[in-house]
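Note on naming: letters A, B, ... go to the chains in the order of the sequence lines (proteins, then strands), and numbering restarts at 1 for each one. Basis for what follows: all heavy atoms, side chains included, without hydrogens, waters or symmetry-related copies.
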Protein chains: 2
Amino acid sequence: MQNLQADYTIERFIETCHEHRLKITPQRVAVYKALVRSDRHPSADMIFQTVKKDFPNISYDTVNRTLLTLAGIGMIDIVEVFGGPKRFDANRKDHHHLHCTKCGEIIDFEYREYANLSVPKEIAEKFQVTGKRVVLKGRCNMCQPKH
Amino acid sequence: MQNLQADYTIERFIETCHEHRLKITPQRVAVYKALVRSDRHPSADMIFQTVKKDFPNISYDTVNRTLLTLAGIGMIDIVEVFGGPKRFDANRKDHHHLHCTKCGEIIDFEYREYANLSVPKEIAEKFQVTGKRVVLKGRCNMCQPKH
DNA sequence: GTGATTGCAAACCTTTTGCACGCCA
DNA sequence: TGGCGTGCAAAAGGTTTGCAATCAC
């Protein structure tokens, strides 16, 4: 997973914020860093718990609003879930998801063959597609029924 | 959308309930029917509003619990969302989703070419895949930026 | 009859909102 | 300085839980 994060730099973060007229605050930087460092699609609360260690005074609200703001400008993603709190992702690489229907975990994977997924013509005409993802559902390693 | 629903019969519903030792109650039948008739991935509350017309005494709880129970035995699906309440789907056909990042709508589509999506070998070894879905993100017809 | 299911109410968790203060540009 | 962003507190929305009464089998 480590290499997935190579593309992120704080400089880039600052640049993108400027483009969108967003102020650079220590809180925003901290939230973004925490998200980039995680590979577990954390919820706002998980990020909050992490950031609080360095920023004891930060509020949950700020974390949540920052995540929504960053998602709004496309700097991070909101990940599809099957219930429960929103989960976020700073992984900008083309990747796909395994979803365990038992424990709810969402696991990233990359797969070249999915890169060229075509979009049906009728859809491309009406719908401006900005992202494609394959979601595989099933039971993860830990949740397989034992015999 | 009409044809998507052809496969559903109450007989089948009853049969599956029996297999799983679930009792057939009027509430369960009503909830299931309401879901089958909808093509909009309704939330528990949307189903509740519908069923209430015929069943003024049904409680939101019963609706919600019924949906979770049916999802638990695989008779219906919980649909991936990007925040907000759980959404359900009784469409058992192989289909895929358009997700509008603006209004949040999730739209079904079918596409033959996605039927044969391969699963990476490393994943097939560890992960018991029970479903595959392509999720396209973007702006729907209504939400396209106007010029 | 008996155990599963329902309806109700309270509790819980996440997200949203309004506002005054403080900080970044 | 001006306005955006933060922290706080309250409200709103969705989901879960416990329990007594009821219903399907």
Side-chain angles (χ1 to χ4, degrees), chain A residues 10-11 13-34 41-52 54-73 75-76 78-88 104, chain B residues 10-11 13-32 34 41-73 75-76 78-88 104:
Chain A
I10 290 306
E11 288 73 24
F13 170 79
I14 291 175
E15 201 179 306
T16 311
C17 282
H18 282 154
E19 279 168 22
H20 291 270
R21 311 277 127 86
L22 294 180
K23 293 182 177 170
I24 314 297
T25 64
Q27 290 94 330
R28 282 186 175 155
V29 174
V31 166
Y32 181 69
K33 276 188 180 171
H41 314 98
S43 65
D45 188 62
M46 289 156 122
I47 296 278
F48 176 53
Q49 300 303 334
T50 305
V51 173
K52 216 165 39 170
D54 292 324
F55 263 85
N57 290 327
I58 199 170
S59 77
Y60 171 82
D61 273 309
T62 299
V63 172
N64 193 45
R65 264 177 309 190
T66 299
L67 290 166
L68 295 178
T69 303
L70 298 183
I73 64 171
M75 187 144 47
I76 65 175
I78 298 177
V79 162
E80 78 284 347
V81 290
F82 297 79
K86 283 196 185 70
R87 307 293 276 299
F88 299 88
Chain B
I10 291 304
E11 288 72 26
F13 170 79
I14 291 175
E15 201 179 304
T16 312
C17 280
H18 282 155
E19 280 168 22
H20 291 271
R21 311 277 127 85
L22 294 179
K23 292 181 178 169
I24 315 296
T25 66
Q27 292 93 329
R28 280 184 177 157
V29 175
V31 166
Y32 181 68
H41 312 98
S43 64
D45 187 63
M46 289 156 122
I47 297 279
F48 176 53
Q49 300 303 334
T50 304
V51 173
K52 215 166 37 171
K53 290 172 195 159
D54 292 324
F55 263 86
N57 290 327
I58 199 169
S59 75
Y60 171 83
D61 272 307
T62 300
V63 172
N64 192 46
R65 263 176 311 188
T66 299
L67 290 166
L68 295 177
T69 302
L70 298 184
I73 64 171
M75 188 145 43
I76 66 175
I78 298 177
V79 162
E80 78 285 348
V81 290
F82 297 79
K86 283 196 186 69
R87 305 294 274 302
F88 300 88

Grab the [atom1]-[atom2] distance between [X] and [N] for me, whole Å please.
X	N	atom1	atom2	value
B:L67	C:dT6	CG	C1'	15 Å
B:K52	C:dG7	NZ	C1'	14 Å
A:E15	C:dA25	CD	P	15 Å
A:I78	C:dT14	CD1	C1'	14 Å
A:I58	D:dG5	CD1	C1'	11 Å
A:F88	C:dT14	CZ	P	12 Å
A:L68	C:dT14	CG	P	15 Å
A:L70	D:dC4	CG	C1'	15 Å

Picking from [options], which would you name as closest to the side chain of [X]?
X	options	answer
A:Y60	C:dG7, C:dT14, D:dC25	C:dT14
B:T62	D:dG5, D:dG7, C:dT6	C:dT6
A:R65	C:dC24, C:dG7, D:dC8	D:dC8
B:A44	D:dT15, C:dA4, D:dT6	D:dT15

Distance check: side-chain N/O of [X] vs OP1/OP2 of [N], anything under 4.0 Å?
X	N	value
B:N64	D:dG14	no
A:R28	D:dG5	yes
A:Q27	D:dG7	yes

Practice task
Measure the acute angle between the ring planes of B:Y32 and B:F13, then classify it against the limits of 30° and 60° as parallel, tilted or perpendicular.
Solution key: parallel

Practice task
Find which nucleotide of DNA chain D each of B:D61 and B:H18 is nearest to by heavy atoms, and output the residue with the more 5' nucleotide.
Solution key: B:D61

Handout entry: Toward the 5' end of DNA chain D, by each residue's nearest nucleotide, A:R21 or B:T25
Key = A:R21

Exercise for the section: Spell out, as yes or no, whether a donor-acceptor pair under 3.5 Å connects the side chain of A:R87 to the backbone of A:V79. Expected result: no

Exercise for the section: Tell me what B:D45 touches on the nucleic acid: a base, only sugar-phosphate, or nothing, going by heavy atoms under 4.0 Å. Expected result: nothing

Exercise for the section: Mind running side-chain contact (heavy atoms from CB on, under 4.5 Å) on A:K33 and A:V51 for me, showing each step along the way? Expected result: CA-CA 9 Å; A:K33 276 188 180 171; A:V51 173; over 6 Å; no

Exercise for the section: Give, for atom CG of B:L68 and atom CG of B:D61, the distance between the pair rounded to the nearest 0.5 Å. Expected result: 10.5 Å

Practice task
Kindly compute the distance separating CD (A:E15) from NE2 (A:H20), expressed to the nearest 0.5 Å.
Solution key: 10.5 Å

Completion exercise
Heavy-atom nearest nucleotide on DNA chain C taken for B:L22 and for A:S43; more 5' hit belongs to B:L22

